[in-house]
J.: 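For reference, the structure I am asking about is given below.
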Amino acid sequence: MENSLVNAGYACINLTLQANKVFTNRGMIKKTYLQRGITYASELALKNVQDLLTIVDWNLANGFRVFRISSDIFPWASEYSLSQLPDFADIRATLEEIGSRPIRLTTHPGPFNKLAGEGTVLDNTIKDLEYQSEIFDLMGLTPSHWNKINIHVGGTYGDKQASLVRFAENVRRLSDNLRARLTVENDDRPGLYTVADLVTIYELSGVPIVFDYFHHSLNPGQQTEEEAFLTAYSTWDVRPVFHFSDSRKDREDPTARREAHADWIYSPVNTYGKAVDIMFESKMKELAILKIRSGSTGLPATLSGQVAG
DNA sequence: AAGAGTCAAGTCACC
DNA sequence: GGTGACTTGACTCTT
């Protein structure tokens, strides 16, 4: 693993700052939303966005140039448009500030997003994905897979192939900016989608494939890790972001579910000679990466914080 | 202040 | 058929 080949990122939460109450997923239950409405949603969203700026700057100061934004940054976002929020001017200004920073930001919208779904499920999915894309628009970021909006197919509906085709057809219903950012990830359960399965979506709609090493290990299909990696790699028009984590069951707790992620990182990442960004999905977040960098894990301290190029 | 119970959304696996 | 998991525990009520 060469230093320049891997930029390390992490997802949604910075544990160091969270201890000081800096976090980006303030929200509320339905009852509270019905009582307090978008006025309170706006307050929380503004705090979330301001804290995102703090986290982004912490990342830059600490050599992290890849970070996943929480999908919960705007509570109840499906119920309003961002421009309706009373604090929209401040929110937009803060998002613009974030967008000016030299960091690669991505999102991973929730499992409720079903682009192979139908009816209201599909409608709600499009609404949610479009709002995630709008966040990047407000940041002033040129639409591309550099700022990926990554989802799973998430369901077979009794017919895998038909669902892949339906997913690809529904991609046409998305805005140009969203379509330019959308990516699709391989699943961890047999019966759902391997990298090889997802090639159908790529061929029909041009949506790149995010390779998740851990998911592949649980659901490899007929491909080796290298084959799946290179298949996914070939679908990208910018430097890919791939996901990595170790197995909690194998490394930390034999009673854990096989799909559970470990707290820490134990294994080296093989990028097969390619330059990629790696999103580490370890429960200990940035601390897991810092631990590798410190050299105390026995792993090569080769996780660069530098942006490619 | 802190612990317990609760919590939008879709689908699947497991109990 | 209810529950947990998923990219991420946080929110709210009660004590």
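Quick note on labels: first sequence line is chain A, next is B, and so on, each numbered from 1.
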J.: Say we look at B:dA8 and C:dG1: how far apart would their P atoms be, to the nearest angstrom?
T.: 24 Å
J.: Count the heavy atoms belonging to other residues, nucleotides or ligands that lie under 6.0 Å from NZ of A:Lys160, then report whether that count exceeds 12.
T.: yes
J.: With rounding to the closest Å, how many angstrom separate the C1' atoms on C:dT7 and B:dA4?
T.: 26 Å
J.: Kindly confirm or rule out a cation-pi arrangement of A:Arg36 over A:Tyr33, judged by NZ or CZ under 6.0 Å from the six-membered ring centre and within 45° of its axis?
T.: no
J.: Using the P atom in both, what is the distance from B:dA2 to C:dC6, to the nearest Å?
T.: 28 Å
J.: Counting distance only, does the side-chain N/O of A:Lys285 pair as donor-acceptor with the main-chain N or O of A:Ala11 below 3.5 Å?
T.: yes
J.: Among C:dT7, C:dA10, B:dA8, which is the nearest nucleotide to the side chain of A:Ile29?
T.: B:dA8
J.: NA contact type, A:His152, heavy-atom cut-off 4.0 Å: base, sugar-phosphate, or nothing?
T.: sugar-phosphate
J.: Could you tell me if A:Arg251 sits above the aromatic ring of A:Trp264, with its cationic atom closer than 6.0 Å to the ring centre and no more than 45 degrees from the axis?
T.: no
J.: Among the nucleotides C:dG9, C:dT7, C:dC11, which one has an atom lying closest to any side-chain atom of A:Met28?
T.: C:dC11
J.: Counting Watson-Crick and G-U wobble pairs with both distances under 3.5 Å, what is the dot-bracket string for DNA chain B, 5' to 3', using [ ] for crossing pairs and | for pairs to another strand?
T.: |||||||..||||||
J.: For A:His261, run the ring-ring contact (aromatic ring centres under 6.0 Å, His included) check against A:Tyr266, A:Phe244, A:Phe214, A:Phe280 and tell me which one passes.
T.: A:Phe214
J.: Between the side chains of A:Thr194 and A:Asp197, does any donor sit under 3.5 Å from an acceptor?
T.: yes
J.: Write down the protein N/O and nucleotide N/O pairs, taken from nucleotides 9-15 of chain B, whose separation is under 3.5 Å; answer none if there are no such pairs.
T.:
residue	atom	partner	partner atom	Å
B:dT11	OP1	A:Tyr157	OH	2.8
B:dC12	OP1	A:Thr156	N	3.0
B:dC12	OP1	A:Thr156	OG1	3.2
B:dC12	OP1	A:Tyr157	N	3.4

J.: Measuring only the C1' atom in each nucleotide, how far is C:dG9 from C:dG4? A whole number of Å is fine.
T.: 14 Å
J.: Closest approach to the side chain of A:His261, judged atom by atom: which nucleotide of C:dG9, C:dT12, C:dT7 is it?
T.: C:dT7
J.: In plain terms, say whether A:Asp51 and A:Arg26 are close enough for a salt bridge, that is, a side-chain N and a carboxylate O under 4.0 Å apart.
T.: yes
J.: Say you pick atom C1' in B:dA1 and the same atom in C:dT8; how far apart are they, in whole Å?
T.: 25 Å
J.: Tell me what A:Gln18 touches on the nucleic acid: a base, only sugar-phosphate, or nothing, going by heavy atoms under 4.0 Å.
T.: sugar-phosphate
J.: Any chance CD of A:Gln35 has more than 12 other-residue heavy atoms, nucleotides or ligands included, within less than 6.0 Å?
T.: yes
J.: Take A:Tyr33 and A:Asp212, find for each the nucleotide of DNA chain C with the closest heavy atom, and name the residue whose nucleotide sits nearer the 5' end.
T.: A:Asp212
